[in-house]
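Every chain is numbered from 1, with letters handed out A, B, ... down the list of sequences. Quantities reported herein were computed from a predicted structural model and do not represent experimental measurements.
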There are 2 protein chains.
Amino acid sequence: MKIDLFDTTLRDGAQNPGISFSIEDKLRIIGLLDGFGIDYIEAGNPGSNPKDFELFKPAAGLNLKHAKLAAFGPTCRAGIRADEDESLRKIIDAGTDYVVIFGKSWLLHVEHIIKTSAEENLRIIFDSVKFMRENNKKVFFDAEHFFDGYSDNKKYALEVLRTAESAGAEAIILCDTNGGTLPDKIGVAVREVSKNINVKLGIHCHDDAGLSAASTIEAVKNGASHIQGTVNGLGERCGNADLCVLIANLQLKLNYDCVQPDKLKNLTGLARLIAEISNVAFNESTPFTGGHAFTHKAGMHIDAVNKLPVSFEHIQPDSVGNSRSTLISEIAGRAALLNRMKLFAPDINKDSRELKQVLELVKSRENEGYQFENAEGSLDLIILESLKRRRSFFTVETFKISLAEPFKAEKAAAQIKVNVGEKRGAVIKAEGDGPVNALDIALRKALTRFYPELKSMKLIDYKVRVLNSNAATAAKVRVLIESSDGGRVWRTVGVSADIIEASWKALLDSVEYKLSIDEGLL
Amino acid sequence: MKIDLFDTTLRDGAQNPGISFSIEDKLRIIGLLDGFGIDYIEAGNPGSNPKDFELFKPAAGLNLKHAKLAAFGPTCRAGIRADEDESLRKIIDAGTDYVVIFGKSWLLHVEHIIKTSAEENLRIIFDSVKFMRENNKKVFFDAEHFFDGYSDNKKYALEVLRTAESAGAEAIILCDTNGGTLPDKIGVAVREVSKNINVKLGIHCHDDAGLSAASTIEAVKNGASHIQGTVNGLGERCGNADLCVLIANLQLKLNYDCVQPDKLKNLTGLARLIAEISNVAFNESTPFTGGHAFTHKAGMHIDAVNKLPVSFEHIQPDSVGNSRSTLISEIAGRAALLNRMKLFAPDINKDSRELKQVLELVKSRENEGYQFENAEGSLDLIILESLKRRRSFFTVETFKISLAEPFKAEKAAAQIKVNVGEKRGAVIKAEGDGPVNALDIALRKALTRFYPELKSMKLIDYKVRVLNSNAATAAKVRVLIESSDGGRVWRTVGVSADIIEASWKALLDSVEYKLSIDEGLL
């Protein structure tokens, strides 16, 4: 049976403490979710904040292959006609084919929070859904706090659902908004609802009791065929159900049809990239997608896994794009590294001295805080080194930065002089927004005299991560730089206690990568 | 019904990637677990490593009030008599009254991993348990991979349990060692086992499918009365079931008797302290004990919680020693800000001019890239400003930084001169790892002459986030700083295109916050 996948990373996920997506972040995430095979993407609440509203215009231009975008918001307010409600207007103006309207299904909220009558709440729901239908929207109705409402007053909770159905909702989503309901209660309620409601049923769980995955699975087994969640379980309080965990469980263990089987291999990559864009540390203990999920530490486990992987692995790691590693052996990814090396040296095999050397270099850099997952440019330079093909393209003779004094209008400035072999360059000065920007401009200016092809190159992304941050400002930082020359895009990395030095290392690698490519070394 | 609590943080938890407990760490954790009311503590595997063996001597001297210590290890090896097995000897020598012996209950492991016959495996189990009984040990038998074994060969799996029972095991623990079994299968199997076995049944789950809490609860509902887990879910791969989550669910939602009700209030403190001792970053999204568990971000949620906490909280936060908080963010509204302002100005109401002014300031800063949900220190200064209570504590006259040249040994240096009112300071120089570190040291050195109370202050965390990063090195950065004076912890924020300036702003706020607190302004 096909399960509809509904992602709310950009809406409920944005309610995770510490998360703040820019419009660019959101557009990138929409693209990733679409590519992975998510069916519906709740992109934001246009009535609640202007940034969410602004998103829908560029999002409409994304030319998605599979996913449908949805705008989210509340029913109209008590005592207000649906067609006069500002928030509903904003939802319509967002311009999506699908909308999600949430309404109250727990009388406690009706009485104490929106402070209206049980009848008026039903009117609100009916009118809001109907108004959306009249504006040609397909409507998903989120029954907020459904399970608390059902446990409190079954009859009324079901009446809320019937009201939304009769007003034309395409699917009704049962929400455990406070995340406190136990899975068996959720299963029983979903089964009961499925006898009373004829439209598609969805489930939306939160992890406040650590049971969101189990509850979602129970709901599916009892009649829900639309699941809501977020990538990495981001969300208000303890977060939403982790869509990646749900998909892996439902598809691999219960044979539901969530995504094309070949897409499942992108699950780990999706989870890590979205953590990166969200700028949160990825939790390596995450089931299925975490770096520890198939990492074996106990000696007996390692011995057994070497004999027979199924002895200590509940699924095959590569079915979700993850991989096995063992903590006392060499780093994971030997095979991946071998594949990468073969691009430049087809004769390399798993016993080659060069492979061992790269492994050692990578390991020692990783101990310093480097990470090459998002920095293949820097990795390729290490490979070149072990193949004895790395070249020195220039030396830096002068390196000076003068800083802008905070709160003054002046800019930071850098002075650089580079030499290429016997040819000596001039001292080049450049100003920039901050020392790193000035350095970047000066370095490329200085080198362009010798290597005009660098003119086409520019930095397109720059990320800073503080490592072992409990050492505060003296902690190491890792800088990731993404560069492009119009055609190619590559990423490089630098690590140091000094952010300028870390940035400088990543900049040098970036320039060297471009020159190495152009010289045919890579 | 009383549920026996069995903690394996020190054994299975120690198999978490990245964890390495010293003997002192372990002794401290044993003391904490005992004080909290844990019934059994699996302290280590004395046969597998000398550090675990060494622990048991000092542990025996701990004078525990409630908990019983247990030593853990495998059954004897195939073809070896129990009384001649070295590992069993070490378990006895550990000197605990209780021991945990694990054996195979899945034929796949018997055949392919320990490579012996089904009969010899039963002999191994019987002899090992009996040998322990003969040495006056109370034996818990861990049926490793029980659920995989049960699904593969029910008859044999049950025979393993009966063998351990007939040899004198005091309790039999059913282990989902690979963490892949779904909760309903676990429930069915436990129910079936309870019909066949007369000793106490235990459950030991791993989180590889994100279902360990649900599976443990299912087992308890079907007959298990002994639960195994670790604090914060530490453990091999994705970790074990989180004992804190289990205790809160079983006691608060299902009325099982786990610990004395007053002890439950120590749950959050226990989780945080053990994370601290384990030297892992505490996951703030953890159910019940996490810093985000009762943190409300969406404006509508905050508004509702102010009216009636139960509207968005599944339990009372203080029942587990946690507390409610509300975040100031673009998603939140006026209600959260009002809550915060009332701390300093109890008379403020939702129509106050000061509230409007703070809202405007916050909104305009947010447009520049500021974020206050993790920076209440900076927010409080804005609130002080609108209340006209903000004070200027110093002015900066000289500000100079000389940078270290990359790849050279020298350090970055900062020169700062501050004046306080009419009093002029001297020029203070300081070196550091990078310009920000140097600046931080110099500023606090310069100010300590005037404000000696700043001596106790230090930075404990430093985070950098690049905003709209597609503008590459010229993009804005947001710096978040966490500071402490030994007692209090506060967070401040700075935003600029220049990372030095952004850090400087956050540093200035941090110092001003400390001084404002000490002067009674906050």
Side-chain angles (χ1 to χ4, degrees), chain A residues 15 17-18 20 22 24 49 109 112-113 178-180 183 207-211 213-214 236-239 245 249 279 285 287 292-293 295 297-298 304 307-308 311-312 314 399 401 403-406 433-434 436-437 440 459-464 466 469 472-475 497-501 504, chain B residues 15 17 109 112-113 178-180 183 208-211 213-214 236-239 245 249 285 287 292-293 295 297-298 304 307-308 311-312 314 327 330-331 371 374 399 401 403 405-406 433-434 436-437 440 459-466 468-470 472-475 497-501 504:
Chain A
Q15 290 174 217
S20 171
S22 67
E24 292 72 26
N49 72 74
H109 268 259
H112 297 280
I113 307 302
N178 294 1
D207 208 38
D208 297 76
L211 300 166
E236 184 89 26
R237 303 184 311 277
C238 301
V245 169
N249 274 313
N279 199 34
S285 299
H292 298 167
T295 295
K297 183 169 172 185
K307 287 172 178 158
L308 195 66
S311 66
F312 278 96
H314 69 126
F399 174 96
I401 294 179
L403 288 174
E405 188 165 339
D433 291 328
V436 179
N437 185 229
D440 167 33
L459 302 199
I460 53 176
D461 202 357
Y462 176 72
K463 283 204 163 95
V464 184
V466 178
S469 62
T473 50
D498 180 346
I499 188 159
I500 311 280
E501 178 165 306
W504 178 245
Chain B
Q15 290 173 216
H109 268 259
H112 298 281
I113 307 302
N178 293 2
D208 297 75
L211 300 166
E236 185 89 27
R237 304 186 310 275
C238 301
V245 170
N249 273 313
S285 299
H292 298 168
T295 294
K297 183 169 170 184
K307 289 172 178 157
L308 195 65
S311 66
F312 278 97
H314 69 126
L327 293 179
E330 59 202 354
I331 296 172
Q371 205 189 338
N374 279 315
F399 175 97
I401 294 179
L403 287 173
E405 190 167 335
D433 291 328
V436 179
N437 185 230
D440 167 32
L459 302 199
I460 53 175
D461 202 356
Y462 176 75
K463 286 201 167 101
V464 184
R465 159 78 148 135
V466 178
N468 49 16
S469 61
N470 50 353
T473 49
D498 180 345
I499 187 159
I500 311 280
E501 178 165 305
W504 178 245

If you look at every heavy atom in B:P17 and A:T295, which pair is closest and at what distance?
CG-CG2, 4.1 Å
Could you list the residues that satisfy ring-ring contact (aromatic ring centres under 6.0 Å, His included) with A:H314, not counting sequence neighbours?
A:F288
Out of B:P406, B:G180, B:P183, which one racks up the most heavy-atom pairs below 4.5 Å with chain A?
B:P406
Please name the pair of heavy atoms, one in B:K297 and one in A:Q15, separated by the smallest distance, quoted to 0.1 Å.
CD-O, 3.3 Å
Greatest number of non-hydrogen atom pairs under 4.5 angstrom with chain A, of B:H292, B:E405, B:Q371, falls to B:H292
State, to 0.1 Å, how close B:N249 and A:A209 come at their nearest heavy-atom pair, and which atoms those are.
ND2-O, 2.9 Å
On a heavy-atom basis, the closest approach of B:S285 and A:C238 is O-CB, 3.3 Å
Separation between CG (B:L403) and CD1 (A:I401), nearest 0.5 Å, reads 5.0 Å
Test salt bridge (Lys or Arg N to Asp or Glu O under 4.0 Å) applied to B:E236 - qualifying residues, sequence neighbours left out:
none
From B:D498 atom CG to A:N437 atom CG, the distance as rounded to the nearest 0.5 Å:
9.5 Å
Applying a strict 4.5 Å limit to non-hydrogen atoms, the region of B:D208 in contact with chain A is both
Please state whether the side chain, the backbone, both or neither of A:V464 comes within less than 4.5 Å of a heavy atom of chain B.
both
Given B:G179, B:G239, B:A293, the one with more heavy-atom pairs under 4.5 angstrom with chain A than any other is B:A293
Within the structure provided, determine whether A:F312 and B:H109 are in side-chain contact (heavy-atom separation under 4.5 Å).
yes
Checking heavy atoms, do the side chain of A:D207, its backbone, both or neither come under 4.5 Å from chain B?
both
Heavy-atom closest pair (A:H112 atom, B:K307 atom, distance to 0.1 Å) is O-CD, 3.6 Å
Side chain, backbone, both or neither: which part of B:I113 has a non-hydrogen atom closer than 4.5 Å to chain A?
both
